[in-house]
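Keep in mind that this is a model prediction, so the values were computed, not measured. The sequence lines fix the lettering, A, B, ..., with proteins before strands; numbering per chain opens at 1. In what follows, every heavy atom counts, from backbone to side chain, and hydrogens, waters and symmetry copies are set aside.
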Amino acid sequence: MPELPEVETVRRGLAPHVEARRVLRLDQRRPDLRFPFPDRFADRIEGRRIVAAARRAKYLLLRLDDGWTWLVHLGMSGRFTIADPGGKGPAKARSAQAGHNSGWALIDKHDHVLVELEGGVRLVYNDVRRFGFMDLIETAREDDSPHLARLGPEPLDPAFDGAALSAALRGKNTPIKAALLDQAVVAGLGNIYVCEALWRAGISPKRRAASVPGLRAQRLTEAVRAVIAEAIEAGGSSLRDYVQADGELGYFQHAFDAYDREGTPCRRPGCGGTIRRIVQSGRSTFYCPDHQR
DNA sequence: ACGAGAACCTGTTTGC
DNA sequence: TGCAAACAGGTTCTCG
């Protein structure tokens, strides 16, 4: 899934196509994704104008002109793309497994929400594993919504500094790897970028979170910031499912130093270590035992 | 109260 | 070659 850089890339891809456009039709093709859709979901969006495409952590926030925000989480395999009226490009990127014709050209069986906007713009939300979800929240009170209320700082926000991270990690016995995946500590990191940030900061993923204060925490915030900024710059990572809004693939995966590099030489100059894979709270961690302490 | 693990769902890769 | 187990970017709930 999409971690913060991928969601930001999707946001940037969608924004010029959706902003200031009215939603003419929304076709919700099943009652739920990870959770049920809110009541009268399509009715409450059809006829509204999308005034802005924003993002908080891994949430895409489409601001509507009636004071509500259409919240989208892509889960592990969600894609939100611009459909090409000609059926090429994104349709191809969505791996056109035989679908059926619904008046929207050929659709995939995992295309769960189809949207038609003014000007002939069509959006497709596709999600194979259905871990994603959508909701409608009041824009003025969105910070109090259950989805957003407990999120920590954005990694690129200046408020995310060494002192703030130290404070968030205080008293935590869990490994630093797990702590960074906690969206209340810092919002938007996932398995890949946590591994990358720890590699850069030279911190062992097994180290107790509370033992990363002061200078180490400072270095860690800088590593997180750099990894996230570079990944956004590269248009995100393309693993199995992820594609940008226009169906193009991201490039950051070519820059991984740790993630999915088990058994390969550590790329840190002069290190000489070998990347190892371990499992922490049920998920793969990739790190270099030599320079990550 | 905290932290580890399971559960949610489908598709692809790996290993015997 | 074939089949089954392992694994995949996230979040949330339960259990100890």
Problem set entry | Watson-Crick or G-U wobble partner of B/dC8, both distances under 3.5 Å | C/dG10
For this session: Assess A/Arg44 against A/Trp68: is NZ or CZ under 6.0 Å from the centre of the six-membered ring, and within 45 degrees of the ring's axis?
Result: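 Yes - A/Arg44 lies over the ring of A/Trp68, closer than 6.0 Å to its centre and within 45° of its axis.
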Using OP1 and OP2 only, check whether a side-chain N or O of [X] sits under 4.0 Å from [N].
| X | N | result |
| --- | --- | --- |
| A/Ser284 | C/dC7 | no |
| A/Lys172 | B/dA4 | no |
| A/His73 | C/dG10 | no |
| A/His110 | B/dG11 | yes |
| A/Lys58 | C/dT11 | yes |
| A/Arg283 | B/dG5 | no |

Let me know the distance between [atom1] of [X] and [atom2] of [N], rounded to the nearest Å.
| X | N | atom1 | atom2 | answer |
| --- | --- | --- | --- | --- |
| A/Phe133 | B/dA7 | CZ | P | 21 Å |
| A/Asn191 | C/dC7 | CG | P | 13 Å |
| A/Leu169 | B/dG3 | CG | C1' | 15 Å |
| A/Lys206 | B/dA4 | NZ | C1' | 17 Å |
| A/Phe256 | C/dA8 | CZ | C1' | 13 Å |
| A/Arg170 | B/dA1 | CZ | P | 20 Å |
| A/Met76 | B/dG11 | CE | C1' | 12 Å |
| A/Asp32 | B/dC8 | CG | C1' | 11 Å |

Looking only at side-chain atoms of [X], point me to the closest of [options].
| X | options | result |
| --- | --- | --- |
| A/Arg129 | C/dG10, B/dC9, B/dG11 | B/dC9 |
| A/Asn173 | C/dC7, B/dC8, B/dG3 | B/dG3 |
| A/Phe35 | C/dT12, C/dA8, B/dC8 | C/dT12 |
| A/Thr174 | C/dA8, B/dG11, B/dG3 | B/dG3 |
| A/Arg34 | C/dG10, C/dA8, B/dT10 | C/dG10 |
| A/Gln183 | C/dC7, B/dT10, C/dT11 | C/dT11 |

For this session: Name the nucleic acid region contacted by A/Arg277, choosing base, sugar-phosphate or nothing; use a 4.0 angstrom heavy-atom cut-off, strictly under.
Result: sugar-phosphate
Exercise. A/Pro146 near the nucleic acid: base, sugar-phosphate alone, or nothing, with a heavy-atom cut-off under 4.0 Å?
Worked result: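 It contacts nothing in the nucleic acid.
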Exercise. Given A/His73, which of A/Tyr125, A/Tyr59, A/Phe131 fulfils the ring-ring contact (aromatic ring centres under 6.0 Å, His included) condition?
Worked result: A/Tyr59
For this session: Could you check whether the rings of A/Phe41 and A/Phe37 sit parallel, tilted or perpendicular, using 30° and 60° as the cut-offs?
Result: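 Taking A/Phe37 first and then A/Phe41, their aromatic rings sit tilted (interplane angle of 30° to 60°).
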Problem set entry | For A/Tyr287, the option from A/Ile278, A/Leu198, A/Ile203 that meets side-chain contact (heavy atoms from CB on, under 4.5 Å) |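 Testing each of A/Ile278, A/Leu198, A/Ile203 against A/Tyr287, the sole residue satisfying side-chain contact (heavy atoms from CB on, under 4.5 Å) is A/Ile278.
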Exercise. Would A/Phe131 pass as stacked on C/dT11, i.e. its ring centre under 5.5 Å from the base's six-membered ring centre and planes under 30° apart?
Worked result: no
Exercise. Taking it one step at a time, do A/Tyr193 and A/Ser237 satisfy side chain to side chain contact (heavy atoms under 4.5 Å, CB included)?
Worked result: CA-CA 10 Å; A/Tyr193 297 115; A/Ser237 312; 2.6 Å; yes
For this session: Using the P atom as the reference point in each nucleotide, state the distance between C/dA6 and B/dG5 in Å, no decimals.
Result: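 Looking at atom P only, C/dA6 and B/dG5 are 16 Å apart.
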Problem set entry | B/dC9 and C/dT14, which share atom name P, separated by this distance in whole Å | 16 Å
For this session: Verify side-chain hydrogen bond (donor to acceptor under 3.5 Å, both in side chains) between A/Thr221 and A/Asp161, making sure each step is shown before the conclusion.
Result: CA-CA 6 Å; A/Thr221 60; A/Asp161 59 13; over 6 Å; no
